[in-house]
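Here is the structure we will look at, set down as structure tokens.
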Amino acid sequence: MPYEDIYRRSIDDPEGFWAEQARAIDWHVPPQSILDYAEPPFRRWFAGGMTNLCHNAVDRHLDARGDQNALIAVSTETDTTREISYRELHREVNTFASVLRALDVGKGDRVVIYMPNMAEAVFAMLACARIGAVHSVVFGGFAAHNLALRIDDATPKLLIAADAGMRGGKVIPYKPLVDAALQAAASPPPHVLIVSRGLDPDHARVEGRDVDYATLRAEHDGREVPVEWLESNEPSYLLYTSGTTGKPKGVQRDVGGYAVAMALSMRTVYDVGPGQVMFSTSDVGWAVGHSYNVYGPLIAGATALLYEGLPTNPDPGIWWELCARYKVRTMFSSPTAIRVLKKQDAAWLRKHDLSSLKWLFLAGEPLDEPTATWITEGLGKPVIDNYWQTETGWPVLTLLPGLDLKPVKFGSPGLPNLGYRTRVINEATGEDAAPGEKGVLVIVPPLPPGCMTTVWNDDKRFLSSYFGHFRELLYSSLDWAVRDEDGYTFILGRTDDVINVAGHRLGTREIEESVATHPSVAEAAVVGVQDELKGQVPIVFATLRQTVATTPGEAADGMLRCVVDQLGGVARPARVYVVNALPKTRSGKLLRRSLQALAEQRDPGDLSTLDDPNALEEIRRILERGPDGGS
Ligand code: AMP
């Protein structure tokens with residue numbers, strides 16, 4: 001069916017459209033209504049319906065595909081491959097759920113999961129879903145402070161952690177980070193469940209608090225735990241994401257709407273059906289990892305390929321070798337990963353038999369034209385740019401090859417996805433921007449199924465962060481965009497202080513707060529600047545306290561250490577510049593955009609409000625001279 005027709009139907013008759021889509025999943029009790037929109041912009045999809053994500057991802061496939069692989073977990077770090085059938089997955093998830101029960105975790109309790117891309121992370125997520133516990137997976141690259149913030153916001157009953165992750169052959173122990181986070185947290189959970197792979201066998205254990213998964217697994221192996229049926233709008237999981245303040249937001253997802261959106265997108269966007277294989281290279285700690293490493297493929301009865309390791313190890317052909325070995329149909333990755341591969345010989349793209357591979361989707365950051373061209377020509381396959389956010393859980397803008405593939409336009413993630421009423425709004429007038437005119441990308445509520453329902457424990461923040469920007473009630477994506485005559489949207493970058501480093505979203509305020517914890521620092525400004533490989537990188541401008549005797553170089557190293565220790569290597573600033581003064585307006589507002597422009601050798605813009613014109617001149621000189629720290 002043509003895209004235009006089905007898209008129009010999803011917008012003009014949302015209840016009819018979504019009622020049909022809801023049939024793709026199992027309901028213990030069917031929905032009593034399709035859309036309840038009594039309290040805009042809060043909406044309740046499939047209200048009264050009772051269902052469960054784990055049932056839909058695992059149990060319902062047992063009869064038809066019990067022996068089919070559900071999950072293939074490949075780690076080139078630990079040199080292991082595990083092929084897990086739906087039947088085996090069912091057993092592992094039940095065992096894990098039984099362990100959770102024994103640790104007093106039940107419906108509505110939060111569970112923080114701090115693990116890399118290993119099979120047990122998937123078992124843990126599904127086990128939570130099975131018993132109605134709300135999981136909150138924290139990316140393994142985040143350090144103690146970030147973990148502690150998330151623990152305090154979610155107040156979990158349990159923290160599940162791996163003993164260690166590995167990157168490029170180097171073991172990264174998680175336990176010391178967990179211990180530090182729990183020490184810093186105001187409301188630490190009573191138990192920590194450690195899933196050990198023997199990577200850090202001597203890790204410290206806290207008597208009475210820390211429990212070992214292998215021991216409990218042996219005790220609970222083979223026990224079955226009944227599925228907890230949940231009302232469609234109850235929370236399924238939380239996923240924290242950076243905003244304009246230092247405090248991350250807990251994006252809350254529901255149960256029924258999310259399952260339906262996953263089922264629909266697997267078919268229409270990703271073109272993956274039962275028995276077919278999807279390979280998403282994301283980390284399970286990100287939104288893509290939740291939706292397309294785990295829930296999407298499993299809800300569809302497909303096989304999810306999970307990968308732990310670098311794209312270049314043991315050689316830069318490893319991802320394509322896996323595509324050939326497991327007959328991957330759809331692959332999902334990020335522009336940064338492709339830019340890493342682009343540094344290698346393009347011949348690696350042709351070394352393996354890729355006849356089964358149909359599509360490569362790339363998401364999370366702007367896809368630049370040279371990268372898009374290199375990979376499209378190298379693979380000889382369509383490459384599809386996807387735009388979405390942690391908040392939405394599935395693509396807002398995309399092409400839909402599973403339905404009707406429209407032409408790819410380089411630089412654009414394409415057209416609105418089914419169910420998304422998107423507009424581009426002129427910020428000043430609040431009216432629709434004309435084709436070719438820059439504006440803010442918004443979604444007209446009600447948001448479709450699958451998108452966030454609220455910010456955990458903070459409806460007010462949900463309203464003010466996303467819906468308070470225009471006269472009309474509109475969800476602001478906080479991204480600048482422009483739409484062309486054909487309805488294709490181009491994304492032009494964030495309207496707020498969020499930066500995108502290698503597809504990872506970071507708040508510059510979080511990094512500023514971390515830098516400012518260094519005793520030598522008086523004040524810090526962090527901006528994102530363009531980087532050839534990572535898209536953007538954070539750089540720091542800081543003033544030092546007069547009273548502290550330290551060299552700019554020592555202070556810069558100290559600042560870098562603060563960020564790595566508190567937030568993790570993912571947030572490490574690329575460069576630190578020690579300056580005498582930061583550029584501010586007469587009312588004291590920091591001119592981050594001017595700093596960013598100078599660092600990117602652009603015009604710093606309107607400086608009429610600048611308090612001290614010398615501050616920018618000095619910064620220009622310092623930028624020419626080179627940084628005090630970083631590389
Ligand atoms: P995250 O919540 O971490 O997925 O980050 C979402 C943000 O990443 C969006 O608001 C955009 O700024 C950016 N982003 C995601 N996908 C794309 C894309 N395909 N093109 C341009 N920017 C993107």
Side-chain angles (χ1 to χ4, degrees), residues 137-139 141-142 146 237-244 248-253 269 280-293 332-339 360-369 371-372 375 383-400 408-417 420 422 424 438-443 447 450-452 455 465-466 469 475-483 488-508 510 528 530 534-536 538 570-571:
V137 183
V138 176
F139 172 54
F142 282 141
N146 262 332
Y237 67 77
L238 309 179
L239 191 48
Y240 283 84
T241 189
S242 299
T244 42
K249 289 183 281 238
V251 165
Q252 180 175 322
R253 205 85 71 204
V269 179
S280 163
T281 67
S282 172
D283 189 279
V284 285
W286 303 118
V288 177
H290 281 63
S291 293
Y292 299 109
N293 292 22
F332 195 147
S333 192
S334 68
T336 292
I338 302 303
R339 285 194 292 267
L360 171 65
F361 286 84
L362 298 175
E365 55 180 315
L367 174 59
D368 57 285
E369 191 162 340
T371 305
I375 191 71
V383 172
I384 296 167
D385 186 356
N386 246 211
Y387 166 89
W388 46 304
Q389 306 182 306
T390 305
E391 288 85 346
T392 66
W394 62 303
V396 181
L397 301 168
T398 184
L399 298 180
L400 294 93
V408 168
K409 282 197 193 186
F410 282 134
S412 168
L415 302 162
N417 199 356
Y420 283 95
T422 60
V424 176
K438 179 176 165 179
V440 179
L441 178 69
V442 304
I443 305 169
L447 296 176
C451 294
M452 75 190 294
V455 172
S465 300
Y466 302 107
H469 300 267
Y475 169 92
S476 174
S477 68
L478 303 170
D479 276 308
W480 296 113
V482 64
R483 192 171 276 186
Y488 281 66
T489 303
F490 294 74
I491 302 293
L492 308 173
R494 297 281 301 194
T495 64
D496 59 2
D497 292 324
V498 163
I499 61 172
N500 196 317
V501 181
H504 304 329
R505 178 163 151 190
L506 299 172
T508 51
E510 290 170 74
Q530 275 183 5
K534 296 181 175 176
Q536 274 187 311
V570 61

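Whatever order the structure lists ligands and atoms in, that order sets their numbers, starting from 1.
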Ligand 1: protein residues within heavy-atom distance under 4.0 Å: Gly364, Glu365, Pro366, Asp385, Asn386, Tyr387, Trp388, Gln389, Thr390, Asp479, Ile491, Arg494, Asn500, Arg505
Trp480 ring center near Phe490 ring center (under 6.0 Å): no
Pair Ser280, Asn293: side-chain N/O donor-acceptor within cut-off below 3.5 Å: yes
Mutual orientation of the aromatic rings belonging to Phe332 and Phe361 [parallel < 30°, tilted 30-60°, perpendicular > 60°]: tilted
Modelled atom types, side-chain donor and acceptor of Thr241 and Glu391, under 3.5 Å: no
Exercise: do Asn386 and Thr398 side chains pair donor with acceptor under 3.5 Å: yes
Close aromatic pair by centroid cut-off 6.0 Å: Tyr387 and Trp394: no
